[in-house]
2 protein chains.
Amino acid sequence: MRIGEVASRAGVSTRALRYYEEQGLLTSERTGGGQRVYPDSAVERVRLIQQLFAAGLPSRTVLRLMPCIETGQGSPEAFALMAAERERITALMTDLTAARDALDRMIDIANHPTPEHCPALREPAWSPYDGAAEAAGVDPQPVEAGPRAPELALAGAGRRTR
Amino acid sequence: MRIGEVASRAGVSTRALRYYEEQGLLTSERTGGGQRVYPDSAVERVRLIQQLFAAGLPSRTVLRLMPCIETGQGSPEAFALMAAERERITALMTDLTAARDALDRMIDIANHPTPEHCPALREPAWSPYDGAAEAAGVDPQPVEAGPRAPELALAGAGRRTR
DNA sequence: TTTGACGTTGACGCCGACGTCAGGTCCTAC
DNA sequence: GTAGGACCTGACGTCGGCGTCAACGTCAAA
(Lines give C-alpha, C1' and ligand atoms only; values in the text may rest on other atoms or scores of the structure.)
Protein backbone atom coordinates (compact mmCIF):
# COMPACT_ATOMS: atom_id res chain seq x y z
CA MET A 1 0.00 0.00 0.00
CA ARG A 2 1.30 3.42 -0.80
CA ILE A 3 0.94 6.51 1.31
CA GLY A 4 -2.19 7.89 -0.30
CA GLU A 5 -4.22 4.80 0.33
CA VAL A 6 -3.11 4.52 3.94
CA ALA A 7 -4.00 8.15 4.41
CA SER A 8 -7.49 7.86 2.99
CA ARG A 9 -8.20 4.62 4.81
CA ALA A 10 -7.06 5.98 8.12
CA GLY A 11 -8.65 9.35 7.53
CA VAL A 12 -5.55 11.47 7.85
CA SER A 13 -3.38 13.48 5.48
CA THR A 14 -0.24 12.21 3.82
CA ARG A 15 1.58 15.00 5.57
CA ALA A 16 0.53 13.50 8.86
CA LEU A 17 1.91 10.10 7.89
CA ARG A 18 5.27 11.58 6.93
CA TYR A 19 5.25 13.44 10.21
CA TYR A 20 4.61 10.25 12.13
CA GLU A 21 7.52 8.61 10.39
CA GLU A 22 9.69 11.61 11.15
CA GLN A 23 8.77 11.19 14.81
CA GLY A 24 9.54 7.49 14.76
CA LEU A 25 5.94 6.43 15.23
CA LEU A 26 5.56 4.70 11.89
CA THR A 27 7.96 2.88 9.61
CA SER A 28 7.82 2.04 5.94
CA GLU A 29 9.64 0.18 3.25
CA ARG A 30 10.66 1.95 0.07
CA THR A 31 10.28 1.11 -3.59
CA GLY A 32 13.26 1.40 -5.88
CA GLY A 33 12.18 4.92 -6.70
CA GLY A 34 12.02 5.90 -3.06
CA GLN A 35 8.30 5.81 -2.51
CA ARG A 36 6.92 4.60 0.79
CA VAL A 37 5.21 1.24 1.00
CA TYR A 38 3.18 0.20 4.00
CA PRO A 39 1.76 -3.10 5.21
CA ASP A 40 -1.98 -3.30 5.86
CA SER A 41 -1.41 -3.09 9.57
CA ALA A 42 -0.24 0.48 9.15
CA VAL A 43 -3.84 1.64 8.94
CA GLU A 44 -4.61 0.27 12.37
CA ARG A 45 -1.41 1.67 13.71
CA VAL A 46 -2.28 5.12 12.45
CA ARG A 47 -5.72 4.90 13.98
CA LEU A 48 -4.22 4.04 17.33
CA ILE A 49 -1.82 6.95 17.09
CA GLN A 50 -4.70 9.24 16.27
CA GLN A 51 -6.64 8.03 19.24
CA LEU A 52 -3.78 8.63 21.59
CA PHE A 53 -3.20 12.06 20.10
CA ALA A 54 -6.88 12.82 20.50
CA ALA A 55 -6.52 12.02 24.16
CA GLY A 56 -3.76 14.58 24.48
CA LEU A 57 -0.71 12.34 24.54
CA PRO A 58 2.22 14.10 22.92
CA SER A 59 4.16 12.26 20.23
CA ARG A 60 7.12 11.75 22.54
CA THR A 61 4.96 9.81 24.94
CA VAL A 62 3.41 7.75 22.20
CA LEU A 63 6.92 7.04 20.99
CA ARG A 64 7.87 5.70 24.38
CA LEU A 65 4.91 3.37 24.23
CA MET A 66 5.76 2.02 20.81
CA PRO A 67 8.05 -0.83 21.85
CA CYS A 68 5.28 -2.00 24.12
CA ILE A 69 2.78 -1.76 21.29
CA GLU A 70 5.03 -3.67 18.95
CA THR A 71 6.25 -6.42 21.21
CA GLY A 72 3.37 -6.67 23.64
CA GLN A 73 5.94 -6.65 26.38
CA GLY A 74 5.46 -3.95 28.95
CA SER A 75 8.52 -2.49 30.53
CA PRO A 76 7.76 -1.12 33.99
CA GLU A 77 8.29 2.47 32.85
CA ALA A 78 5.96 2.04 29.91
CA PHE A 79 3.49 0.59 32.34
CA ALA A 80 3.76 3.58 34.67
CA LEU A 81 3.42 5.86 31.68
CA MET A 82 0.22 4.21 30.59
CA ALA A 83 -1.22 4.35 34.06
CA ALA A 84 -0.37 8.03 34.39
CA GLU A 85 -1.93 8.86 31.06
CA ARG A 86 -4.98 6.89 31.94
CA GLU A 87 -5.41 8.93 35.05
CA ARG A 88 -4.84 12.16 33.17
CA ILE A 89 -7.59 11.21 30.74
CA THR A 90 -9.96 10.44 33.55
CA ALA A 91 -9.23 13.79 35.16
CA LEU A 92 -9.77 15.50 31.85
CA MET A 93 -13.14 13.85 31.51
CA THR A 94 -14.09 15.24 34.88
CA ASP A 95 -13.17 18.70 33.68
CA LEU A 96 -15.16 18.19 30.53
CA THR A 97 -18.16 17.11 32.50
CA ALA A 98 -17.91 20.23 34.61
CA ALA A 99 -17.65 22.44 31.55
CA ARG A 100 -20.59 20.73 29.94
CA ASP A 101 -22.60 21.26 33.08
CA ALA A 102 -21.70 24.94 33.02
CA LEU A 103 -22.89 25.13 29.44
CA ASP A 104 -26.07 23.33 30.42
CA ARG A 105 -26.76 25.88 33.08
CA MET A 106 -26.20 28.68 30.62
CA ILE A 107 -28.47 27.04 28.10
CA ASP A 108 -31.07 26.54 30.75
CA ILE A 109 -30.96 30.16 31.78
CA ALA A 110 -30.96 31.42 28.23
CA ASN A 111 -33.92 29.23 27.56
CA HIS A 112 -36.33 30.58 30.09
CA PRO A 113 -35.55 34.19 30.72
CA THR A 114 -36.06 35.30 34.27
CA PRO A 115 -34.73 38.40 35.99
CA GLU A 116 -32.97 36.36 38.66
CA HIS A 117 -30.63 34.60 36.31
CA CYS A 118 -27.22 35.23 37.73
CA PRO A 119 -27.55 33.30 41.01
CA ALA A 120 -28.44 30.14 39.18
CA LEU A 121 -25.39 30.47 37.00
CA ARG A 122 -23.19 30.70 40.04
CA GLU A 123 -24.66 28.02 42.12
CA PRO A 124 -23.00 24.64 41.94
CA ALA A 125 -19.86 22.99 40.64
CA TRP A 126 -17.32 25.80 40.42
CA SER A 127 -17.41 26.76 44.03
CA PRO A 128 -16.06 30.08 45.33
CA TYR A 129 -14.34 28.35 48.24
CA ASP A 130 -11.24 26.80 46.83
CA GLY A 131 -11.87 23.19 47.71
CA ALA A 132 -12.81 21.19 44.65
CA ALA A 133 -14.21 18.29 46.57
CA GLU A 134 -17.25 17.44 44.51
CA ALA A 135 -17.48 13.70 44.36
CA ALA A 136 -18.74 14.15 40.84
CA GLY A 137 -19.21 10.89 39.09
CA VAL A 138 -19.18 10.99 35.32
CA ASP A 139 -22.87 10.87 34.71
CA PRO A 140 -24.13 7.78 32.95
CA GLN A 141 -25.65 9.73 30.11
CA PRO A 142 -26.27 7.62 26.99
CA VAL A 143 -23.85 9.84 25.08
CA GLU A 144 -26.07 9.86 21.98
CA ALA A 145 -23.77 7.84 19.74
CA GLY A 146 -25.37 9.15 16.59
CA PRO A 147 -23.64 9.72 13.26
CA ARG A 148 -21.15 12.45 14.01
CA ALA A 149 -19.80 14.63 11.28
CA PRO A 150 -16.59 12.86 10.24
CA GLU A 151 -14.50 16.01 10.08
CA LEU A 152 -15.31 16.71 13.70
CA ALA A 153 -14.45 13.22 14.82
CA LEU A 154 -10.80 13.84 15.53
CA ALA A 155 -10.94 16.61 18.04
CA GLY A 156 -8.00 16.57 20.35
CA ALA A 157 -7.11 17.36 23.90
CA GLY A 158 -3.90 18.66 25.27
CA ARG A 159 -2.15 21.58 26.90
CA ARG A 160 -0.83 21.19 30.38
CA THR A 161 -0.51 24.43 32.33
CA ARG A 162 2.49 25.51 34.39
CA MET B 1 -9.59 43.68 44.41
CA ARG B 2 -6.43 44.11 42.44
CA ILE B 3 -5.10 41.77 39.82
CA GLY B 4 -2.85 39.68 42.04
CA GLU B 5 -5.59 38.69 44.39
CA VAL B 6 -7.98 37.78 41.60
CA ALA B 7 -5.22 35.71 40.06
CA SER B 8 -4.41 33.76 43.19
CA ARG B 9 -8.05 33.25 44.07
CA ALA B 10 -8.92 31.99 40.64
CA GLY B 11 -5.74 30.00 40.33
CA VAL B 12 -4.38 31.65 37.21
CA SER B 13 -1.52 34.00 36.41
CA THR B 14 -1.83 37.75 36.17
CA ARG B 15 -0.67 37.42 32.60
CA ALA B 16 -3.71 35.32 31.91
CA LEU B 17 -6.01 37.98 33.34
CA ARG B 18 -4.48 40.68 31.19
CA TYR B 19 -4.83 38.38 28.23
CA TYR B 20 -8.50 37.85 28.99
CA GLU B 21 -9.02 41.57 29.11
CA GLU B 22 -7.16 41.99 25.86
CA GLN B 23 -9.55 39.47 24.33
CA GLY B 24 -12.59 41.24 25.71
CA LEU B 25 -13.50 38.46 28.10
CA LEU B 26 -12.96 40.43 31.28
CA THR B 27 -13.30 44.09 32.14
CA SER B 28 -11.89 46.17 34.97
CA GLU B 29 -11.99 49.60 36.47
CA ARG B 30 -8.80 51.52 36.95
CA THR B 31 -7.37 53.41 39.89
CA GLY B 32 -6.01 56.91 39.38
CA GLY B 33 -2.60 55.41 38.84
CA GLY B 34 -3.84 53.07 36.16
CA GLN B 35 -3.99 49.85 38.12
CA ARG B 36 -6.77 47.38 37.47
CA VAL B 37 -9.52 46.93 40.03
CA TYR B 38 -11.97 44.06 39.88
CA PRO B 39 -15.25 43.28 41.60
CA ASP B 40 -15.54 40.05 43.55
CA SER B 41 -17.53 38.49 40.76
CA ALA B 42 -14.44 38.55 38.58
CA VAL B 43 -13.14 35.45 40.31
CA GLU B 44 -16.16 33.45 39.31
CA ARG B 45 -16.02 34.88 35.85
CA VAL B 46 -12.43 33.78 35.46
CA ARG B 47 -13.25 30.31 36.68
CA LEU B 48 -15.99 30.02 34.11
CA ILE B 49 -13.65 31.17 31.37
CA GLN B 50 -11.10 28.61 32.47
CA GLN B 51 -13.68 25.87 32.40
CA LEU B 52 -14.74 26.74 28.91
CA PHE B 53 -11.13 26.91 27.80
CA ALA B 54 -10.50 23.55 29.37
CA ALA B 55 -13.31 22.18 27.27
CA GLY B 56 -11.62 23.41 24.13
CA LEU B 57 -13.66 26.51 23.37
CA PRO B 58 -11.48 29.14 21.75
CA SER B 59 -11.54 32.65 23.17
CA ARG B 60 -13.48 33.95 20.20
CA THR B 61 -16.31 31.58 20.96
CA VAL B 62 -16.30 32.43 24.63
CA LEU B 63 -16.39 36.07 23.62
CA ARG B 64 -19.52 35.48 21.59
CA LEU B 65 -21.13 33.91 24.63
CA MET B 66 -20.28 36.80 26.93
CA PRO B 67 -23.35 38.96 26.31
CA CYS B 68 -25.44 35.93 27.15
CA ILE B 69 -23.44 35.34 30.31
CA GLU B 70 -23.77 38.95 31.35
CA THR B 71 -27.40 39.59 30.60
CA GLY B 72 -28.82 36.11 30.98
CA GLN B 73 -30.58 36.71 27.71
CA GLY B 74 -29.87 34.16 25.06
CA SER B 75 -29.80 35.34 21.51
CA PRO B 76 -30.67 32.50 19.12
CA GLU B 77 -27.13 32.41 17.74
CA ALA B 78 -25.61 32.22 21.19
CA PHE B 79 -28.02 29.43 21.89
CA ALA B 80 -26.99 27.52 18.78
CA LEU B 81 -23.38 28.10 19.70
CA MET B 82 -23.84 26.63 23.14
CA ALA B 83 -25.68 23.64 21.78
CA ALA B 84 -22.96 23.01 19.22
CA GLU B 85 -20.22 23.25 21.81
CA ARG B 86 -22.13 20.98 24.09
CA GLU B 87 -22.30 18.40 21.39
CA ARG B 88 -18.62 18.81 20.59
CA ILE B 89 -17.76 18.19 24.21
CA THR B 90 -19.87 15.07 24.28
CA ALA B 91 -18.17 13.80 21.15
CA LEU B 92 -14.80 14.55 22.66
CA MET B 93 -15.71 12.54 25.71
CA THR B 94 -16.54 9.64 23.48
CA ASP B 95 -13.11 9.93 21.90
CA LEU B 96 -11.51 10.08 25.30
CA THR B 97 -13.34 7.00 26.39
CA ALA B 98 -12.13 5.18 23.31
CA ALA B 99 -8.57 6.25 23.92
CA ARG B 100 -8.75 5.21 27.53
CA ASP B 101 -10.08 1.84 26.48
CA ALA B 102 -7.18 1.48 24.09
CA LEU B 103 -4.80 2.26 26.92
CA ASP B 104 -6.60 -0.23 29.09
CA ARG B 105 -6.13 -2.93 26.51
CA MET B 106 -2.46 -2.09 26.25
CA ILE B 107 -2.11 -2.17 30.01
CA ASP B 108 -3.91 -5.44 30.14
CA ILE B 109 -1.66 -6.99 27.56
CA ALA B 110 1.48 -5.62 29.10
CA ASN B 111 0.35 -7.00 32.39
CA HIS B 112 0.07 -10.64 31.52
CA PRO B 113 2.55 -11.41 28.80
CA THR B 114 1.37 -13.94 26.28
CA PRO B 115 2.79 -14.67 22.85
CA GLU B 116 -0.53 -14.00 21.14
CA HIS B 117 -0.71 -10.39 22.15
CA CYS B 118 -1.31 -8.55 18.94
CA PRO B 119 -4.78 -9.87 18.08
CA ALA B 120 -6.10 -8.79 21.43
CA LEU B 121 -4.76 -5.30 20.89
CA ARG B 122 -6.54 -5.05 17.60
CA GLU B 123 -9.82 -6.54 18.55
CA PRO B 124 -12.54 -4.11 19.45
CA ALA B 125 -13.32 -0.40 19.26
CA TRP B 126 -11.06 0.83 16.47
CA SER B 127 -12.41 -1.49 13.88
CA PRO B 128 -10.60 -2.23 10.64
CA TYR B 129 -13.88 -1.96 8.72
CA ASP B 130 -14.63 1.69 8.48
CA GLY B 131 -17.98 1.84 10.21
CA ALA B 132 -17.69 3.38 13.66
CA ALA B 133 -21.04 2.14 14.84
CA GLU B 134 -20.25 1.13 18.37
CA ALA B 135 -23.08 2.29 20.56
CA ALA B 136 -20.48 3.01 23.19
CA GLY B 137 -21.99 4.50 26.28
CA VAL B 138 -19.71 6.43 28.56
CA ASP B 139 -19.12 3.85 31.18
CA PRO B 140 -20.37 4.71 34.66
CA GLN B 141 -16.96 4.39 36.25
CA PRO B 142 -16.73 6.10 39.65
CA VAL B 143 -14.06 8.42 38.25
CA GLU B 144 -12.04 8.24 41.47
CA ALA B 145 -12.51 11.85 42.55
CA GLY B 146 -9.43 11.79 44.73
CA PRO B 147 -7.11 14.71 45.42
CA ARG B 148 -5.66 15.53 42.04
CA ALA B 149 -2.46 17.45 41.83
CA PRO B 150 -3.61 21.07 41.52
CA GLU B 151 -1.20 21.94 38.74
CA LEU B 152 -2.72 19.21 36.64
CA ALA B 153 -6.24 20.34 37.26
CA LEU B 154 -6.51 22.68 34.33
CA ALA B 155 -5.63 20.43 31.46
CA GLY B 156 -7.24 21.59 28.28
CA ALA B 157 -8.71 20.16 25.17
CA GLY B 158 -8.62 21.65 21.77
CA ARG B 159 -7.39 21.31 18.23
CA ARG B 160 -9.90 20.72 15.53
CA THR B 161 -8.50 19.04 12.43
CA ARG B 162 -9.28 20.04 8.87
C1' DT C 1 10.38 59.82 52.78
C1' DT C 2 11.82 55.71 51.62
C1' DT C 3 11.35 51.03 50.47
C1' DG C 4 9.92 47.07 48.37
C1' DA C 5 6.02 44.51 46.95
C1' DC C 6 2.93 44.95 43.45
C1' DG C 7 1.37 46.92 39.14
C1' DT C 8 1.82 48.70 34.09
C1' DT C 9 2.69 48.26 28.77
C1' DG C 10 5.13 46.15 24.99
C1' DA C 11 7.33 42.73 22.80
C1' DC C 12 9.13 38.29 21.71
C1' DG C 13 9.09 33.15 22.63
C1' DC C 14 7.04 28.63 22.78
C1' DC C 15 5.04 24.28 21.55
C1' DG C 16 3.05 20.64 18.64
C1' DA C 17 0.70 18.62 14.89
C1' DC C 18 0.40 19.33 11.09
C1' DG C 19 -0.96 22.89 6.36
C1' DT C 20 1.00 24.54 2.49
C1' DC C 21 3.83 25.99 -0.90
C1' DA C 22 7.94 24.95 -4.32
C1' DG C 23 10.46 22.33 -7.36
C1' DG C 24 11.44 17.99 -8.71
C1' DT C 25 10.70 12.56 -9.41
C1' DC C 26 8.05 8.19 -10.09
C1' DC C 27 4.57 5.22 -12.05
C1' DT C 28 1.18 3.60 -14.92
C1' DA C 29 -2.40 3.71 -18.39
C1' DC C 30 -3.02 4.83 -22.92
C1' DG D 1 6.64 7.69 -25.30
C1' DT D 2 4.03 10.63 -23.00
C1' DA D 3 0.61 12.64 -20.05
C1' DG D 4 -0.84 13.38 -15.69
C1' DG D 5 -1.68 11.84 -11.23
C1' DA D 6 0.70 10.36 -7.14
C1' DC D 7 4.82 10.86 -4.59
C1' DC D 8 9.37 12.90 -2.85
C1' DT D 9 12.25 16.35 0.24
C1' DG D 10 12.80 20.69 2.41
C1' DA D 11 11.29 24.58 4.39
C1' DC D 12 8.40 27.97 6.34
C1' DG D 13 3.70 29.16 8.33
C1' DT D 14 -0.07 28.63 11.75
C1' DC D 15 -2.73 29.05 15.91
C1' DG D 16 -3.76 30.03 20.85
C1' DG D 17 -2.97 30.69 25.49
C1' DC D 18 -0.22 32.16 27.79
C1' DG D 19 5.47 32.46 29.89
C1' DT D 20 8.92 35.59 30.31
C1' DC D 21 11.98 39.45 30.09
C1' DA D 22 12.67 44.58 30.13
C1' DA D 23 12.02 49.02 31.74
C1' DC D 24 9.33 51.56 34.27
C1' DG D 25 5.21 53.47 37.51
C1' DT D 26 2.04 52.94 42.14
C1' DC D 27 0.87 52.27 46.60
C1' DA D 28 0.81 51.32 51.51
C1' DA D 29 3.49 50.56 55.57
C1' DA D 30 7.28 51.95 58.40
Side-chain angles (χ1 to χ4, degrees), chain A residues 1-26 28-38 42 46-64 95 99 151 153-162, chain B residues 1-26 28-38 42 46-64 95 99 151 153-162:
Chain A
M1 240 191 323
R2 292 191 303 174
I3 197 173
E5 192 174 350
V6 177
S8 74
R9 282 203 198 180
V12 302
S13 68
T14 60
R15 177 68 177 93
L17 295 183
R18 294 194 193 100
Y19 175 73
Y20 296 165
E21 184 167 331
E22 192 180 317
Q23 302 300 308
L25 304 178
L26 193 61
S28 62
E29 304 292 309
R30 297 293 182 122
T31 69
Q35 301 202 349
R36 271 165 265 250
V37 176
Y38 298 89
V46 170
R47 283 194 179 135
L48 175 60
I49 292 173
Q50 282 280 101
Q51 267 193 344
L52 296 179
F53 278 0
L57 280 75
S59 58
R60 276 190 315 277
T61 302
V62 177
L63 181 58
R64 291 168 61 191
D95 287 351
E151 67 273 27
L154 294 170
R159 182 203 330 155
R160 244 92 52 238
T161 319
R162 257 174 248 282
Chain B
M1 242 193 318
R2 292 191 304 175
I3 197 171
E5 191 173 352
V6 177
S8 73
R9 283 202 196 180
V12 302
S13 67
T14 60
R15 177 69 177 91
L17 295 183
R18 295 194 193 98
Y19 175 72
Y20 297 164
E21 183 167 332
E22 191 180 317
Q23 302 300 308
L25 303 178
L26 192 62
S28 62
E29 304 291 308
R30 297 294 181 119
T31 69
Q35 302 201 348
R36 271 166 265 249
V37 176
Y38 299 90
V46 170
R47 285 198 176 130
L48 176 59
I49 292 173
Q50 282 279 97
Q51 268 194 344
L52 296 179
F53 279 0
L57 280 75
S59 58
R60 277 190 314 277
T61 302
V62 178
L63 181 59
R64 291 167 62 193
D95 286 351
E151 67 274 29
L154 294 169
R159 182 205 329 155
R160 242 92 52 237
T161 319
R162 264 175 241 286

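All chains are named by letter (A, B, ...) in the order of the sequence lines, taking the proteins before the strands, and each is independently numbered beginning at 1. Being a predicted model, the structure only gives us computed values, none of them experimental.
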Find the distance [X]:[atom1] to [N]:[atom2] and express it as a whole number of Å.
| X | N | atom1 | atom2 | value |
| --- | --- | --- | --- | --- |
| L25(A) | dC18(C) | CG | C1' | 13 Å |
| L57(A) | dG16(C) | CG | P | 13 Å |
| R36(A) | dT25(C) | CZ | C1' | 13 Å |
| I3(A) | dC18(C) | CD1 | P | 13 Å |
| Y38(B) | dG7(C) | OH | C1' | 11 Å |
| R30(A) | dT9(D) | CZ | C1' | 10 Å |

ask   = Salt bridge check: are E21(B) and R30(B) linked by an N-O gap of less than 4.0 Å?
value = yes
query = So does E22(A) pair up with R18(A), basic N to acidic O under 4.0 Å?
reply =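 The answer is no: the pair does not qualify as a salt bridge.
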ask   = Does R60(A) have a side-chain nitrogen or oxygen under 4.0 Å from the phosphate oxygens OP1 or OP2 of dC15(C)?
value =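 Result: no.
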task = Give a yes/no on whether any side-chain N or O of T14(A) is located under 4.0 angstrom from OP1 or OP2 of dA6(D).
result = no
ask   = The side chain of P58(A) lies closest to which of these nucleotides: dT9(D), dC18(D), dA17(C)?
value =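 For the P58(A) side chain, the nearest candidate turns out to be dA17(C).
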ask   = S13(A) side chain: which of dC18(C), dC18(D), dC8(D) is closest?
value =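 Side chain of S13(A) sits closest to dC18(C).
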request  = Could I get the full list of side-chain hydrogen bond (donor to acceptor under 3.5 Å, both in side chains) partners for R2(B), not counting sequence neighbours?
outcome  =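 R2(B) satisfies side-chain hydrogen bond (donor to acceptor under 3.5 Å, both in side chains) with Q35(B) once adjacent residues are dropped.
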inquiry  = Students often get this wrong, so: under 4.0 angstrom with heavy atoms, is S59(A) touching a base, only sugar-phosphate, or nothing?
reply    =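 Sugar-phosphate only.
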key: L25(A) vs S59(A), side-chain contact (heavy atoms from CB on, under 4.5 Å): CA-CA, chis, key distance, verdict   = CA-CA 8 Å; L25(A) 304 178; S59(A) 58; 4.2 Å; yes
key: Inter-residue atom distance F53(B).CZ - T61(B).OG1, 0.5 Å rounding   = 9.5 Å
key: I49(B) side, atom CD1; L57(B) side, atom CG - distance, nearest 0.5 Å   = 11.5 Å
key: Minimum heavy-atom distance between A55(B) and A99(A), given as atom pair plus value   =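 That would be CB-CB, 3.5 Å.
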query = Looking only at heavy atoms, which two atoms of T14(B) and I3(B) are closest? And how far apart?
reply =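 Scanning both residues completely, I find the closest heavy atoms to be O-CD1, 3.8 Å.
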task = Indicate yes or no: at least one non-hydrogen side-chain atom of M1(B) is less than 4.5 angstrom from one of R9(B).
result =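 When only atoms from C-beta onward are counted, R9(B) and M1(B) do touch, with a gap below 4.5 Å.
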Within residues 15-24 of chain B: residues closer than 4.0 Å to DNA chain D (heavy atoms) =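 Here the set is R15(B), A16(B), Y19(B), Y20(B).
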Distances for protein N or O near nucleotides 26-30 of chain C N or O, under 3.5 Å:
from, atom 1, to, atom 2, distance (Å)
dC27(C), OP1, T31(A), OG1, 3.3
dC27(C), OP1, G33(A), N, 3.4

